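A quick note: this is a predicted structure, and the numbers were derived from the prediction, not measured.
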Amino acid sequence: MSLMTIVMICVVILGVLGLIFGAVLGFAAKKFHVEVDPREEAIVACLPGANCGGCGYAGCGGYASAVVKGEAPPNKCAAGGADVAAQVASIMGLEAESSERCVAQVKCSGFTGHAQKKYAYAGIRDCRSAALLPGGGPNECPHGCLGFGSCEAACPFGAIHVKDGVARVDHEKCVGCMTCADACPKHLIVKVPYSADVTVACASTEKGAALRKYCDIGCIGCRICEKTCEHDAIHVVDNVAVIDYTKCISCGQCAPKCPRHLIRDARLNTENETEPVPTSDSKFA
């Protein structure tokens with residue numbers, strides 16, 4: 001049998017196999033075809049496509065499917081905001097519910113020079129890796145920002161960056177998807193209303209005497225703010241002041257009373273701040 005004959009036989013066999021497999025795939029496609037609600041496709045088309053997971057579902061497709069099934073409201077897309085919520089509601093024949101815009105807030109003010117280190121870290125620039133080291137990382141404060149940018153790498157909107165050793169949020173870019181919070185091993189990033197005027201950027205649960213030894217800018221739990229507030233909107237919980245934004249009217253009375261000057265404009269701990277706000281001459285510069 002000549003070489004040309006063998007080649008022709010192989011070509012014929014491959015052609016026949018291709019036809020058989022094509023027919024099988026075609027049959028399977030028809031047999032197992034799942035009808036997709038056109039509303040689902042329409043919702044996916046109007047979503048921003050960030051697949052950030054801020055809605056609590058596996059990407060934009062998962063959220064669209066949940067909306068069509070009645071398992072999710074039309075205003076859960078953090079990245080899309082009110083405009084997308086209105087479009088999704090229109091597709092579903094519903095009225096768009098108003099939802100308050102929220103942003104991420106980093107509960108730490110341990111800027112470089114204001115918080116003490118236990119040791120120099122020269123490993124992978126990743127907070128989750130650093131947090132696995134003895135003591136939970138190189139910081140003396142067991143609750144403070146590690147500053148290696150895991151949150152920055154996770155943010156799909158470029159809204160959070162590490163500056164002066166602490167992650168800071170650009171409130172204008174932040175959509176409140178909280179992808180950054182999932183990446184933070186210290187659980188320092190929380191959701192607050194975009195309209196919030198004041199913040200307590202500290203998460204330490206240490207008592208004041210212990211905290212003073214390694215941070216000269218953190219909350220010491222003195223309760224002066226709590227006693228000052230006339231609206232019951234700020235309380236010391238586990239040695240750190242916490243603001244209840246459902247009660248806070250942004251009167252600003254608590255801020256000047258704080259001996260650490262820690263209660264301040266919510267945007268001062270963001271990416272746009274040029275210098276940290278010191279409470280005294282730093283002991284850890």
Side-chain angles (χ1 to χ4, degrees), residues 102-118 127-128 130-133 135-152 154-155 159-169 171 174 176 178-193 196-226 233-245 248 254-255 258-271 273 276-279 284:
C102 291
V103 292
Q105 179 69 45
V106 181
K107 291 180 67 64
C108 182
S109 297
F111 304 103
T112 300
H114 292 272
Q116 194 172 20
K117 301 288 185 182
K118 286 183 289 190
C127 299
R128 289 161 293 194
L132 297 175
L133 294 175
N139 295 346
E140 281 287 358
C141 178
H143 310 279
C145 178
L146 292 167
F148 297 123
S150 292
C151 55
E152 182 177 341
C155 180
I160 186 166
H161 297 283
V162 175
K163 188 175 181 182
D164 296 323
V166 176
R168 307 193 196 186
V169 179
H171 282 186
C174 181
M178 303 310 291
T179 304
C180 55
D182 294 335
C184 178
K186 296 292 185 177
H187 309 293
L188 284 174
I189 307 175
V190 296
K191 184 182 288 189
V192 300
D197 289 322
V198 290
T199 186
V200 180
C202 182
S204 175
T205 58
E206 303 295 321
K207 291 186 177 179
L211 180 137
R212 288 176 187 271
K213 294 177 181 178
Y214 53 74
C215 182
D216 64 12
I217 203 170
C219 179
I220 56 175
C222 64
R223 296 185 185 273
I224 292 176
C225 56
E226 184 177 307
I234 186 167
H235 291 277
V236 173
V237 181
D238 293 331
N239 300 311
V240 64
V242 178
I243 297 173
D244 182 346
Y245 289 106
C248 180
C254 56
C258 177
R260 306 284 277 185
H261 303 293
L262 182 64
I263 303 174
R264 54 187 186 269
D265 188 308
R267 289 160 181 76
L268 283 183
N269 197 41
T270 69
E271 180 181 312
E273 185 182 9
V277 181
T279 60
F284 312 120

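Nearest heavy-atom pair, Cys174 versus Val169, reported as atom, atom and distance to 0.1 Å: CB-CG1, 3.8 Å. Considering all non-hydrogen atoms of both residues, Leu146 and Pro138 come closest at CD2-CD, 3.9 Å. Residue Arg260 comes nearest to Leu211 through the heavy atom pair NH2-CD2, 3.5 Å, listed as atom of the first residue, atom of the second, then distance. Minimum interatomic distance between Val162 and Glu152 (heavy atoms only, all atoms of both residues): N-OE1, 3.2 Å. Heavy-atom minimum distance, Pro185 versus Ala183: CD-O, 3.3 Å. Across all non-hydrogen atoms, the minimal contact from Cys145 to Ala167 is SG-N, 3.4 Å.
In this structure, CD on Gln105 lies 11.0 Å from CG on Leu188, to the nearest 0.5 angstrom. Atom CD1 of residue Ile263 and atom CD1 of residue Ile243 lie 6.0 Å apart, to the nearest 0.5 angstrom. Going from atom SG of Cys151 over to atom CE of Met178 covers 10.5 Å, rounded to the nearest 0.5 Å. Here CD1 of Ile220 is found 10.5 Å from SG of Cys202. Values are rounded to the nearest 0.5 Å.
Under the 4.5 Å side-chain criterion, counting only non-hydrogen atoms from C-beta, Pro259 is in contact with Cys222. Using a 4.5 Å cut-off on side-chain heavy atoms (C-beta onward), His187 and Lys107 make no contact. Using a 4.5 Å cut-off on side-chain heavy atoms (C-beta onward), Cys102 and Tyr245 make no contact. Side chains of Glu206 and His143 form a contact here, defined as non-hydrogen atoms less than 4.5 Å apart. Here the side chains of Ser150 and Phe148 are not in contact, with every heavy-atom distance at 4.5 Å or above.
A donor and an acceptor atom, one from each side chain of Asn139 and Lys118, are nowhere located under 3.5 Å apart.
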- request: Apply side chain to side chain contact (heavy atoms under 4.5 Å, CB included) to the pair Val106 and Ile160, showing each step before the final yes or no.
  value: CA-CA 10 Å; Val106 181; Ile160 186 166; 4.1 Å; yes
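For the pair Ser109 (side chain) and Ala201 (backbone), a donor-acceptor distance under 3.5 Å is present. A donor-acceptor pair under 3.5 Å is absent between the side-chain atoms of Glu140 and the main chain of Gln116, judged by distance alone. A side-chain donor-acceptor contact under 3.5 Å links Lys186 to the backbone of Pro142.
In summary, of the residues considered (Val200, Val198, Val242, Asp244), a side-chain contact (heavy atoms from CB on, under 4.5 Å) with Ile234 occurs for Val200 alone.
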